[in-house]
Colleague: 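This structure is in structure tokens; I'll ask about it shortly.
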Amino acid sequence: MVTGMEISPREAEVLGLVGAHLSNAEIAARLCISVRTVESHVSSLLRKLEVPDRRALAQRAPEPAGTGPSHPASVLPAPLTSFVGRVSERAELAEMIKEHRQVTAVGPGGVGKTRLALAVAAEAAGEHSDGVWFVNLVPVTDPGMIATAVAGALGLGEQPGRDMTESVVAALADRHALLVLDNCEQVVDGVALFLERLLATCPRVTVLATSRARLMVPYERVYPVPPLSLAVDGESDAVALFMERAAAVGRPLDPPLRDQIASICERLDGMALAIELAAARYPTLGLDGITAALSHPLRMLTGGSRADERHRSVRAALDWSHALLEPADRALLRRVSVFVAPFTAAAAAEVAGSEEGLVADELARLAEQSLLMVTASPGGTEYRALETIRQYGTERLAEAGELVDARSRHLRWCLAKAAGLAVVRQDWRARFDLVADDLRAALAWAADRPEQRADAYELARHLAELTFTRNLVGESQRRYEQAAELATDPAATASMLRQAAAVAGCRTVGDDMYRLRRAAADAARRSGDTAGAAADLATAATIAFRFSSTFVRLPSLEEALALITEAREPAGDDPAAQAAVALAEAAVLADAFGAAQGPPGNAVPETIARAERAVELARRTGDPLAESAALDALTCAHSWAGDTFATAAMARRRITLLSSLPISPAGTQELIDALGMVTEAGLGAGDLTGARRWARQLADHPSLAEVGHRAPLMVDALAGNVDEVLTGSVRLLDVWRRAGSPARSYLGPAVAAVAMIHGLRDDHEARREWQEILDQLGTPPERTYGYGAIFDAMLLLHHGQTPEALERMAPEPGQVWKWVTWIWHHWYVALRAEAAVLAGSPEARDRLAEARTVVAGNPVAGAMVERAGALLDGDQEALLATGDAFDAAGCRYQSARTMVLAGGDHAERGAAALADLGLAPMAPAPTPMMTPER
């Protein structure tokens, strides 16, 4: 498998999980390692196996022993019993999924749709190079959760700025895969919408669905699942199933009894579930007893279509199987039907209102009669009913007049579980996943019942908090909005809408942030909280400018101004409202954030003054989040003023404010933004060590586990950490492609950084690929004059193209101030001075003098300027001293470059250092014009 390079045991584990199509975050959780460590292993595997991307890597994953040609293992549930017969049906259905994009196996409950679909999917696994995936839709009660269920099966996490459907569609866009959707009937509308989008966008994906009715979607072909054959050339699948299941419970049947068994199976219309229930009764009733039970006048099947009769044959089998139970067992069967996910004996006891010891015995008896399925799990023994039996139990619950009582107990159990999860830390994720579907089902029931509204509100609020912690942020936002609808107090409605807006911020969905904050203002106004309404209106105006890059429909300047005007009077003397209005004025009137709707230039003194006032008012409120938002405005204001060090200081103040706050949607949104700002501000000030630390903290944040962050790539590229750039670029490219290759301009600096590193490595093909990606992201002014000039100039200087570098940085910083004053000001000035010296420009000395003033105090840019000065003066001692400065600052590339520029033996050591970094040799440096000052 490997040519000359050995794969470590840990890499082999990672490779196997990549082959199973787990995401980096899922692999990290499975192996109890960090996401960054997974990235390193993936990058190493790409090099060792000499494959271009993650998909190619997945195809190189080893197969389990004894399998055939290489293909991903199918992700299908392991059946607890053997599959019997259906040779012709399997062949017919298998042929259909080869010829058609979407096939629905249709039939009544109990006919055997799921088992047939699983058997066909398992046989088809080798024909789908990207795997077979199974999604059980039984627990899904909300049509909007279809994509979330599919994403869970695929191992996909949520990505900021996208809903789950987009994530699934992007992940499957070019995959050759089979997706099995089981039990679609209760959410058929949601399935139909999901499939229309999936099939239109993913041409190599085939969907096999099971449902009691067709889905009515484009591409659909329907396969009616027949009952088990009763007699085919002397053989009968129905009889074979009865005999195998009877043998499994300890009573093998003699062949001479086949005719009597055939009669029973015929009476049961060949319905698989009915036959299994009858076989389970064989040890206690015998064949005669089963025949008598089915012949009881009350169980006779008369009238109706054949399909209806089949359905009633399952009902008949369930009826008499139910009638033979002890009363306590009957009661338990109907009460546990409220569970949509596997449950334990302890959970069943709470919902049934009984003792756990008694319930455990009753559950065992129900399992013996095939009315429940039993599985072992890390948390203990779990039980579940097939969906047909669960629906039967629910009907019996209603007939007994116990439905509301049982569901109410289930709701209280869910509330207790949700409250307990809020404080549990160990194995939190697994604990939540075990009960999540029941929490959702209980909420779906309670939300429609006025008498349960208070509990429904509490459960929606809990579920919103839990799904946020679980990084299901799309669902979290929906649950907060649901809680807002369920709240009876307008003040609580306003609170939930604010939380929903904060979650939308974590998702980088500006339109929702804006909409929800305005809705919160309306709710606050209804509650009589005019100051709170004013703060919400002002915050909405701020959002429109502060996060303008995250909007689809961007509010206009006039709209934002109207919100500020509306907020001023009701703000009164309330400190929080006043602070919110002041920040909105800094954002909108002074354009502190450099928004898309703002003017091309800023009146810098006014911007700073308004931002400082916003910070002061926010500090008086004692709210760290309000102060952090205001400091963000002041950080940007100082950057427009060209004060790089003040910018970095403001950014660090935000981190100090936020670092000890508990996890919350608003806190998370603010912290992620602050970490991004402090990383970039540190980079601009030459604090590469701090910038790298903050960048790692940002990339490792749980909410970014699936997508990482672009910041580490910029830091590592400028520091010369080549291996880290190559590793991180694999993830960036994978995430960007899975997102549908969007034209997100904020990715430009990271992409340009990767392109530069490939250029420094003389990997022209890779650089061309990344340049093409950069072109797809657009050519905004910040690329032309800011980061693009920096990375281009560094590459040109490395290759000795000094006139071209000088031309690339021809504009004076003042001419393009807004695009270079942020991170890039000091880098631009320093590189511009170096290019002038190396190109022999007559302006070199003037540029050096100006640059020394600008970058004074910046360890990296300052060393670059001093190096250029030493070259101009021919002072080798001073030149070599700058190498030590670069080493101290953690800038390995510039240190190696210094030695090469020093010439002689130093140049050899510098070339070796560049080679150790993985970079190509520098072109011979031109001899600058030496004109020492007189």
Side-chain angles (χ1 to χ4, degrees), residues 158-167 170 473-474 476-478 480-481 497-522 535-567 580 583-600 602 629 632-633 635-636 665-666 668-670 672-674 676-677 703-704 707 709-710 736 739-749 776-783 818-819 822:
E158 192 159 348
Q159 298 185 17
R162 320 174 57 196
D163 63 26
M164 276 298 201
T165 300
E166 290 174 324
S167 294
V473 288
S476 176
Q477 180 184 327
R478 291 176 58 203
Y480 274 122
E481 293 191 56
L497 289 169
R498 290 171 190 137
Q499 294 280 49
V503 178
C506 296
R507 299 176 64 217
T508 65
V509 183
D511 302 77
D512 281 359
M513 279 192 280
Y514 183 75
R515 168 181 62 83
L516 290 164
R517 269 294 185 166
R518 296 197 65 172
D522 292 339
D536 287 321
L537 291 169
T539 300
T542 299
I543 286 168
F545 274 61
R546 186 183 179 194
F547 302 108
S548 62
S549 65
T550 67
F551 277 78
V552 175
R553 189 204 73 82
L554 193 61
S556 66
L557 170 62
E558 292 72 24
E559 191 173 332
L561 289 171
L563 289 175
I564 294 174
T565 301
E566 187 179 353
L583 179 56
E585 290 173 343
V588 178
L589 301 182
D591 191 30
F593 300 105
Q597 315 97 305
N602 295 55
D632 188 23
T635 301
C636 294
T668 296
Q669 180 194 6
E670 199 64 34
I672 289 173
D673 182 77
M677 293 290 281
S703 65
L704 299 176
V707 294
H709 199 275
R710 64 192 183 279
W736 183 68
S741 304
R744 303 267 173 83
S745 60
Y746 61 77
L747 295 175
Q776 290 181 54
L777 301 180
T779 54
E782 54 265 38
R783 175 185 170 189
K818 195 168 186 177
W819 312 118
W822 178 225

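Please read these numbers as outputs of a predicted model, since none were measured by experiment.
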Colleague: Going from OG1 on Thr508 to CG on Asp673, what distance comes out if it is rounded to the nearest 0.5 angstrom?
Modeller: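 Between Thr508 OG1 and Asp673 CG, I get 11.5 Å after rounding to 0.5 Å.
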Colleague: Measure the CG-CD distance between Leu563 and Glu558 for me, rounded to the nearest 0.5 Å.
Modeller: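 Leu563 atom CG to Glu558 atom CD measures 12.0 Å (nearest 0.5 Å).
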Colleague: Determine the minimum heavy-atom distance between Ala633 and Leu583, stating which atoms define it.
Modeller: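 Answer, listing the atom of Ala633 first, then Leu583: CB-CD1, 3.8 Å.
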Colleague: Considering all heavy atoms of both residues, which atom of Phe545 and which atom of Ala560 are nearest to each other, and what is their separation?
Modeller: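 Here Phe545 and Ala560 meet closest at CE1-CB, 3.8 Å.
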Colleague: Calculate, to the nearest 0.5 Å, the distance between atoms CG and CD belonging to Leu554 and Glu559 respectively.
Modeller: 9.0 Å
Colleague: Let me confirm one number: the CE-SG distance from Met677 to Cys636, rounded to the nearest 0.5 Å.
Modeller: 4.0 Å
Colleague: Nearest 0.5 Å, what's the CG-CG distance between Leu561 and Leu557?
Modeller: 4.5 Å
Colleague: Salt bridge or not for Glu670 and Arg546, using N-O below 4.0 Å?
Modeller: yes
Colleague: Kindly give the heavy-atom pair with the smallest separation between Pro749 and Tyr746, and that separation in Å.
Modeller: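 Distance-wise, the nearest heavy atoms are CD-O, 3.5 Å.
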Colleague: Could you grab the distance from atom OH of Tyr514 to atom CZ of Phe547, nearest 0.5 Å is fine?
Modeller: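 The CZ atom of Phe547 is 15.0 Å from OH of Tyr514, to the nearest 0.5 Å.
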Colleague: Do side-chain atoms of Ser548 reach the backbone of Ala595 as a donor and acceptor pair under 3.5 angstrom?
Modeller: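 It does not hold such a pair.
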Colleague: Which atom names give the shortest non-hydrogen contact between Ala538 and Ala567, and what distance separates them?
Modeller: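 Distance-wise, the nearest heavy atoms are N-CB, 4.1 Å.
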Colleague: Please lay out, stage by stage, how Gln776 and Trp736 fare under the test side chain to side chain contact (heavy atoms under 4.5 Å, CB included).
Modeller: CA-CA 12 Å; Gln776 290 181 54; Trp736 183 68; 3.5 Å; yes
Colleague: Please report the shortest heavy-atom distance between Ala541 and Ile564, naming the atom on each side.
Modeller: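 Nearest pair, atom of Ala541 first, then Ile564: CB-CG1, 3.9 Å.
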Colleague: Do Val509 and Phe551 have side chains that approach each other closer than 4.5 Å (heavy atoms only, starting at C-beta)?
Modeller: no
Colleague: Leu497 and Tyr480: side chain to side chain contact (heavy atoms under 4.5 Å, CB included), yes or no, with the steps?
Modeller: CA-CA 7 Å; Leu497 289 169; Tyr480 274 122; over 6 Å; no
Colleague: Dump the intermediate steps for side chain to side chain contact (heavy atoms under 4.5 Å, CB included) on Arg498 and Thr539, then the final yes or no.
Modeller: CA-CA 10 Å; Arg498 290 171 190 137; Thr539 300; over 6 Å; no
Colleague: Looking at Asp511 and Val552, what are the two nearest heavy atoms and their distance?
Modeller: OD1-N, 2.7 Å
Colleague: Within a strict 4.5 Å, meaning less than it, do heavy atoms of the Glu481 and Leu516 side chains meet?
Modeller: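 Yes, side chains in contact.
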Colleague: Using side chain to side chain contact (heavy atoms under 4.5 Å, CB included), reason through Gln669 and Met513 one step at a time and then give a plain yes or no.
Modeller: CA-CA 11 Å; Gln669 180 194 6; Met513 279 192 280; 3.4 Å; yes
